[in-house]
J.: 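Have a look at this one.
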Amino acid sequence: MEREKRFLAAHTAGHDRIYRYFRRRTADAATAEDLCSEVFRIAWEKLAGSGELSVMVLFGVAKNVLRNHDRSACRSADLLGALRAERRDSAPAQDSPVHEALERLSPDDREVLLLTYWDGFTSREVSDLLNTSATAVRMRLHRARKALSHLIQTQPQAEGAEL
Amino acid sequence: MKTNSTADPIRRQLSSVDPAAHITDDELARSRNRSLAAMQPAAEVLTEADGIAVPGETTTYPAPTKLSGRRPRPARIFLMSAAAAAVVAALIAGDVIGLAGWRGGATAQAAEVLNNAARMTIKTTDPKVLPGQYLRIKSTNVWASYTSEQDGSEYRWLDTEKSDMYIPADRSGEWVWQRSGRVPTTFFDAKSKAYAKKQDLQPYPELLRARNGAFYGSSGMSTDLSKLPRDPYRLLNSIYKQTLGKGQSVDGEALVFIADLLRTGLVPAELRAALYKAAALIPGVTVTEGQANLDGRTGVAIGRLEDGPAKSRQEIIIDPETGLLIGERSVLSQAQSGFPAGTATTRTSIETSVSNTAP
């Protein structure tokens with residue numbers, strides 16, 4: 001029962017945040033649910049030994065699960081390409097100036113920004129997750145913020161979205 | 001980050017495009033449920049119990065019914081998979097984490113009806129039973145009967161039984177129970193009707209007396225109502241603990257437990273209110289029918305579709321105006337063992353009053 005308790009503690013602490021993490025970075029709810037269940041399958045395996053599973057360790061697993069998913073998503077991209085294009089057309093939210101600006105940031109800068117403002121991590125946590133120093137994260141965050149506000153302001157349709 | 005969320009324009013703009021901003025509780029609950037299943041012990045081979053649905057009882061004699069609320073329910077012989085039971089066992093272990101609430105709850109509409117009913121219930125005062133008086137619980141019960149002969153032929157119909165129970169103010173005193181016996185009342189095919197006629201199924205009326213409600217040699221009231229928590233969340237957890245491993249599903253059986261308990265007519269108002277609120281915490285509970293009629297009284301049916309092998313809806317029917325329980329029933333959502341879809345295989349309507357005398 002001890003293992004179950006540790007699993008449940010990890011699940012309670014981490015599930016919702018991890019689900020949101022996937023929901024923000026994958027196409028739909030079904031995918032987020034798939035990946036989430038994969039994270040907790042791995043978590044259960046990990047709990048075979050002793051020790052607890054912190055939320056940060058779960059997120060480390062989630063990051064790898066997402067990377068593997070992206071790889072296999074790339075492999076099947078040829079098949080799904082047509083479908084994807086269709087979905088984009090039907091999702092006008094993706095065309096907002098903020099989205100466009102985000103897309104133009106470097107992937108690393110974007111991830112620091114999103115981990116901070118969407119997922120609610122501290123610089124320390126972001127640095128743990130990205131295997132870098134907290135100082136580097138703060139610098140990157142500063143740079144990303146500047147780049148983003150610049151990109152949003154230079155876009156002609158930005159005013160409406162401002163206030 | 002401790003940055004003020006409204007003052008920081010970057011934070012505000014990013015929040016406005018957060019794809020996770022509008023995730024519903026249902027969506028989260030779905031994923032929670034699914035990822036919880038990861039806890040299943042991988043080494044064990046787990047199989048669902050197979051079986052054929054047998055609604056109602058296989059005998060046409062009145063079965064001993066304990067007032068503690070567990071009349072035989074062969075329709076629910078399907079067991080949860082051992083895996084699901086393991087998950088739930090772990091969930092409620094040691095009260096570390098509750099099963100209730102965490103996986104979602106009833107639909108907003110059903111929760112509203114239930115919580116309203118709970119509010120009205122608290123306002124009502126239970127009939128006061130003075131020393132020497134009896135709490136009288138009058139009910140009409142419909143039960144499904146199903147029998148099969150050696151040659152494989154099957155017969156089914158619905159029986160009705162009227163029940164009148166007198167419970168003394170002092171619960172340890174002598175209870176009196178008048179049963180009309182079961183009378184076949186509804187047939188679905190001529191063959192069964194002819195069979196029932198040939199068997200000459202006469203009702204078998206009974207007048208029973210037993211101290212502490214220990215009818216038919218049972219141990220009497222087995223559920224101590226005073227020990228059940230009044231906090232809805234804790235109450236539901238304690239129900240999950242008691243029903244674990246029974247019935248077709250965790251949530252379905254929890255609702256059955258609530259219906260069974262309410263049906264006894266013995267549940268005091270404050271516990272009734274808590275039971276309604278607990279039902280509002282059960283995932284999958286919906287308003288199944290706007291207006292439900294039971295013995296000429298109208299109420300709202302709140303229930304849950306059981307999606308196991310025996311597809312049925314367990315419903316409790318309450319008067320939304322007063323919060324009073326009118327009755328409960330279990331309705332087949334698809335044809336089964338020759339019973340057409342929509343048949344109420346169990347149905348009880350209840351009326352409670354105070355009586356100065358008992359038969």
Side-chain angles (χ1 to χ4, degrees), chain A residues 1-5 7-9 11-12 14-26 29-30 32-45 47 93-94 96-99 101-102 113-114 116-123 126 141 144-146 148-149 152 158 161-163, chain B residues 1-44 83-104 237 240-241 244:
Chain A
M1 201 52 87
E2 200 38 47
R3 185 178 173 187
E4 277 88 358
K5 271 190 191 173
F7 177 86
L8 287 166
H11 188 268
T12 308
H15 172 275
D16 289 6
R17 285 186 70 187
I18 284 170
Y19 181 80
R20 290 198 167 89
Y21 171 86
F22 285 133
R23 195 73 174 80
R24 286 167 177 134
R25 289 164 179 82
T26 57
E33 198 182 306
D34 285 349
L35 299 186
C36 216
S37 109
E38 176 64 6
V39 167
F40 284 98
R41 192 191 60 76
I42 295 168
W44 175 251
E45 301 293 313
L47 284 165
Q94 296 287 320
S96 84
V98 185
H99 264 117
L102 274 176
L113 208 58
L114 298 186
T116 304
Y117 295 114
W118 278 358
D119 302 301
F121 286 113
T122 64
S123 305
V126 175
L141 184 62
R145 283 178 55 97
K146 242 169 93 174
L148 188 76
S149 52
I152 293 171
E162 256 301 306
L163 297 165
Chain B
M1 303 287 316
K2 303 287 182 284
T3 326
N4 183 321
S5 58
T6 48
D8 182 356
I10 295 279
R11 176 180 287 275
R12 202 178 59 228
Q13 274 164 336
L14 286 174
S15 300
S16 74
V17 296
D18 183 354
H22 303 292
I23 293 178
T24 60
D25 286 346
D26 279 355
E27 187 181 331
L28 276 173
R30 215 167 32 239
S31 176
R32 272 186 214 135
N33 269 339
R34 196 172 140 206
S35 53
L36 273 176
M39 199 161 42
Q40 289 172 21
E44 287 174 42
V87 170
V88 182
L91 271 168
I92 57 184
D95 279 328
V96 179
I97 296 149
L99 180 59
W102 171 239
R103 301 165 311 123
N237 260 340
Y240 279 134
K241 278 186 192 174
L244 177 60

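Numbers restart at 1 for each chain; the letters A, B, ... are given by sequence-line order, proteins then strands.
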J.: Indicate the atoms forming the closest heavy-atom contact of A/Trp118 with B/Pro19, along with that distance.
T.: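 Nearest heavy atoms, A/Trp118 then B/Pro19: CH2-CD, 3.3 Å.
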J.: Working note: A/Tyr19 + B/Glu27, criterion side-chain hydrogen bond (donor to acceptor under 3.5 Å, both in side chains); need CA distance, chi angles, decisive distance, verdict.
T.: CA-CA 10 Å; A/Tyr19 181 80; B/Glu27 187 181 331; 2.4 Å; yes
J.: Using the test side chain to side chain donor-acceptor pair (under 3.5 Å), find all partners of B/Asp18 that sit at least two apart in sequence or belong to another chain.
T.: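 Side chain to side chain donor-acceptor pair (under 3.5 Å) list for B/Asp18, sorted by chain: A/Arg24.
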J.: Considering all heavy atoms of both residues, which atom of A/Arg145 and which atom of B/Ile10 are nearest to each other, and what is their separation?
T.: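 Scanning both residues, the minimum pair turns out to be O-CD1, 3.6 Å.
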J.: Sort out for me which of A/Arg25, A/Arg20, A/Glu38 touches chain B most, counting heavy-atom pairs under 4.5 Å.
T.: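 Ranked by heavy-atom pairs under 4.5 Å with chain B, first place is A/Arg20.
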J.: Return the OG to CH2 distance between B/Ser35 and A/Trp44, rounded to the nearest 0.5 Å.
T.: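 With rounding to 0.5 Å, OG (B/Ser35) is 13.0 Å from CH2 (A/Trp44).
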J.: Below 4.5 Å from any heavy atom of chain B, which atoms of A/Ile42 appear? Answer side chain, backbone, both or neither.
T.: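 A/Ile42 has no heavy atom closer than 4.5 Å to chain B.
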J.: Tell me which one of A/His15, A/Glu33, A/Arg23 satisfies side-chain hydrogen bond (donor to acceptor under 3.5 Å, both in side chains) with B/Ser31.
T.: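 Only one option passes, and that is A/His15.
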J.: Could you tell me if the side chain of A/Cys36 sits less than 4.5 Å from the side chain of B/Arg34, heavy atoms only?
T.: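 A side-chain contact under 4.5 Å is absent here.
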J.: Do the side chains of A/Asp16 and B/Ile23 get nearer than 4.5 Å, heavy atoms only?
T.: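 Sidechains of A/Asp16 and B/Ile23: no contact.
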J.: For A/Leu47, is it the side chain, the backbone, both or neither that has a heavy atom under 4.5 Å from a heavy atom of chain B?
T.: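 No part of it gets close to chain B.
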